[in-house]
Amino acid sequence: MKMANTMTSIILVILFCRSAVGSRTKLISVKGQDDTSALAPVPNDGICTSMVETKGYVCEEHKVTTRDGYILSMQRIPEGRSGKTPGKRPPVLLQHGLMMDGITWLLLPPDQSLTFLLADNGFDVWLANTRGSKYSRGHTSLSPNEPAYWDWSWDELVAYDLPATFQYVHDKAGQKLHYVGHSLGTLIALAAFSKHQLLNVLRSTALLCPIAYMGQIVSPLAKIAADNFLAEVIYWLGINEFNPRGAAVIKLLKDICNKSGVDCTNLLTAFTGHNCCLNSSIVDVFLDHEPQSTATKSMIHLAQMIREGSIAMYDYNDEVENIKHYGQPTPPVYNMTSIPNDLPFFLSYGGADALADVKDVKLLLDNLKDHDGDKLVVQYRDDYAHADYVMGQNAKQVVYDPLMAFFRLQ
């Protein structure tokens, strides 16, 4: 227990210090989807080149511009390794979680990765990358070095990022899409569905580690950070980009992981709960690509959810500011009971998950109690924690195969 508490403290210090130091980024002018000039960093590689084509799959790089000017990177795997198959492939959009990017879905080997399994099973696969992550740092007028670039919370992902990516995939594929969200990717989807957004282009949705409520979260790292207003302190210090990644930090963690007798999967436990089914070598792959930057304001928003136990829009903690943004003194609530009862849902959660805690998930399920019985599939894995759903070596058998079977029925 003492070692776990020490590791939690070390990680908190690393996160805080790295955010405070920030990073310097080379900028160039690029063209957005609407052909407007944008400032964006120069990535050394691309997800298609580094993570997909090397596995023998066809991959396309796409860009989509949100209504508020963010230029998002997307990757499309239009066919399986064996090549094209007759007929139109149903599109599937995969949305990663907090401080991650589309590589989330590519960490496992091809015969275990949800991305490649979907492609090999007849689906047209699309990977989303949230604003601020490595491959989605472009904007029509702002640079990531400007505070205004980071002036958003997950509300803006609901209002702008999801609609842009949904519509883009729908238009390119010419048909309604399936959606898979993990962690924060479930929260923003649920919030959108509660406002009856995106439903006209959606076929069905799969939510892995569903997050709507966070008041009963047991993740020690998340709980300590929220209770001690860590994100707020960082924001008050003028640090708008929450950047947990740095070369020195990653090297330190890799050196630790390479020491004899060290199981690096335990590094994730303070965040995620005890994951049952990770191969220790996958953490090294994870550290090559993750975690990613996000807006400090979005971290504050999540901390508010943990402290308040509700799912509402960002609270400015000032009645005048709230009225200015929302027309009322308190932030509007995302009402989970407003989600249409006939929306096909596949929902999977784990008993060891410290972020999507069982009690919070059950609160969500209680909100969905009137959902059509034949439209809601709920799967519970007693041994699974948060990272098992995207990095577990048995996820194909226990989660992905049932998920794909669900999609085929819709």
Side-chain angles (χ1 to χ4, degrees), residues 52 57 59-60 62 64 72 74-80 84-85 87-97 102 104-106 108 112-130 157-158 161-194 196-211 339-349 368 371-372 374-379 389-390 395-396 398-410:
V52 180
Y57 289 80
C59 188
E60 304 168 2
H62 291 258
V64 57
L72 311 179
M74 299 187 74
Q75 291 72 42
R76 182 186 197 179
I77 300 89
E79 59 191 57
K84 293 184 178 179
T85 53
K88 293 187 80 172
R89 288 172 162 252
V92 182
L93 175 61
L94 306 183
Q95 175 63 58
H96 60 82
T104 295
W105 308 103
L106 301 167
L108 288 165
Q112 299 174 19
S113 157
L114 179 58
T115 298
F116 298 125
L117 290 169
L118 285 166
D120 286 334
N121 280 272
F123 293 93
D124 177 10
V125 185
W126 293 79
L127 306 181
N129 297 273
T130 295
L157 307 185
V158 176
D161 284 30
L162 268 190
T165 54
F166 265 66
Q167 195 63 52
Y168 188 84
V169 172
H170 174 267
D171 292 349
K172 288 293 182 183
Q175 56 180 311
K176 291 185 177 183
L177 56 132
H178 300 288
Y179 176 84
V180 182
H182 175 246
S183 188
L184 184 71
T186 70
L187 172 61
I188 60 178
L190 287 165
F193 301 157
S194 75
H196 290 211
Q197 295 174 355
L198 313 176
L199 302 177
N200 62 319
V201 295
L202 180 66
R203 185 175 298 187
S204 72
T205 186
L207 305 180
L208 310 180
C209 311
I211 290 178
I339 295 173
N341 292 332
D342 59 351
L343 177 60
F345 266 126
F346 176 93
L347 190 152
S348 185
Y349 66 110
L368 301 176
H371 214 80
D372 294 354
D374 61 342
K375 297 294 184 181
L376 178 62
V377 173
V378 178
Q379 181 193 56
Y389 280 91
V390 289
K396 175 191 182 296
V398 300
V399 180
Y400 301 161
D401 283 345
L403 184 157
M404 288 189 291
F406 171 80
F407 280 169
R408 290 192 189 98
L409 293 174
Q410 307 309 315

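- One N or O on the side chain of Y400 and one on the backbone of Y389 form a donor-acceptor pair closer than 3.5 Å.
- Remark: the backbone N or O of R89 is paired with a side-chain donor or acceptor of Q175 at under 3.5 angstrom.
- Nearest heavy-atom pair across C209 and T186 is O-OG1, 3.6 Å.
- The main-chain N or O of I211 is never found under 3.5 Å from a side-chain atom of Y349 such that the two would form a donor-acceptor pair.
- Among pairs with a residue in residues 113-124, those fulfilling salt bridge (Lys or Arg N to Asp or Glu O under 4.0 Å) read R76-D124, at least two apart in sequence or across chains.
- Taking the side chain as every heavy atom from C-beta outward, N200 and H170 never approach each other to under 4.5 Å.
- Within the 4.5 Å cutoff, the side chain of L118 has no heavy atoms near those of the W105 side chain.
- Taking each heavy atom of N341 and K375 in turn, the nearest pair found is O-CB, 4.2 Å.
- Under the side-chain contact (heavy atoms from CB on, under 4.5 Å) rule, L208 has a single partner from L347, V399, V390, which is V399.
- To the nearest 0.5 angstrom, D401 atom CG is 10.0 Å from L114 atom CG.
- To the nearest 0.5 Å, atom CD of residue Q75 and atom CG of residue L106 are 8.0 Å apart.
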For residues 177-184, which side-chain N or O atoms pair as donor and acceptor with protein atoms under 3.5 Å away, sequence neighbours left out?
{"residue": "H178", "atom": "ND1", "partner": "S204", "partner atom": "OG", "Å": "2.7"}
{"residue": "Y179", "atom": "OH", "partner": "G185", "partner atom": "O", "Å": "2.6"}
{"residue": "H182", "atom": "NE2", "partner": "H386", "partner atom": "O", "Å": "3.0"}
{"residue": "S183", "atom": "OG", "partner": "H386", "partner atom": "NE2", "Å": "2.8"}

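- Taken from CD1 in I339 to CZ in F193, the straight-line distance is 7.5 Å, to the nearest 0.5 Å.
- For H371, the ring pair (Phe, Tyr, Trp, His ring centres under 6.0 Å) criterion is met by F345, not counting sequence neighbours.
- Taking CG of L207 as the start and CG of L190 as the end, the distance is 5.0 Å to the nearest 0.5 Å.
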